[in-house]
Amino acid sequence: MTKIAILGAAGAMAEVVRRDLSEFSPATEVTLVDLREIAAKYSNERAARVDVRDEAATARLLAAHKAPRRPSHTRTHTHTHTHTHTHTH
């Protein structure tokens with residue numbers, strides 16, 4: 001089973017991630033990590049009140065969460081697209 005920790009989970013940006021994980025990956029176990037108190041909102045969530053500046057506490061919490069890894073033979077590509085639109089009336 002996949003386990004994901006969301007650091008700063010009480011923030012506005014995290015709300016979108018939480019909703020998407022609940023909708024598109026409901027079997028994923030999500031740990032909500034924030035210094036502020038936060039309640040689990042979806043059935044696949046649990047909350048953990050941790051100050052991420054405390055490296056030891058954060059490391060203990062994240063030890064149960066496997067970081068995604070890319071196989072060494074793959075490469076990352078970055079693409080930049082620029083679009084220009086001209087309107088004439």
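Keep in mind it's a predicted model, so treat the numbers as computed, not measured. We count residues from 1, following the sequence as given.
Transitive grouping of hydrophobic side chains (ILVMFWY, heavy atoms separated by less than 4.5 Å) keeps V50 and I6 in distinct clusters. By the rule that hydrophobic residues join a cluster once side-chain heavy atoms approach within less than 4.5 Å of another member, L32 and L21 end up as members of one cluster. Clustering ILVMFWY residues whenever any of their side-chain heavy atoms sit less than 4.5 angstrom apart, transitively, puts V52 in the very cluster that holds L61.
K41 has its side chain within reach of E15: a pair of non-hydrogen atoms, C-beta onward, lies under 4.5 Å apart.
Of the residues I4, V30, T2, T31, the one that meets the side-chain contact (heavy atoms from CB on, under 4.5 Å) test with H65 is T31.
In this structure a side-chain-to-backbone donor-acceptor pair under 3.5 Å is missing from N44 to E29.
Taking OH of Y42 as the reference point, atom CD of E23 lies at 9.0 Å (rounded to 0.5 Å). Atom CG in L7 sits 9.0 Å away from atom CG in D34 (nearest 0.5 Å).
A salt bridge is defined here as a Lys NZ or Arg NE, NH1 or NH2 lying under 4.0 Å from an Asp or Glu carboxylate O, and E45 with R18 meets this definition.
What you find for L35 and R53 is that their closest heavy atoms are CD2-NH2, 3.8 Å.
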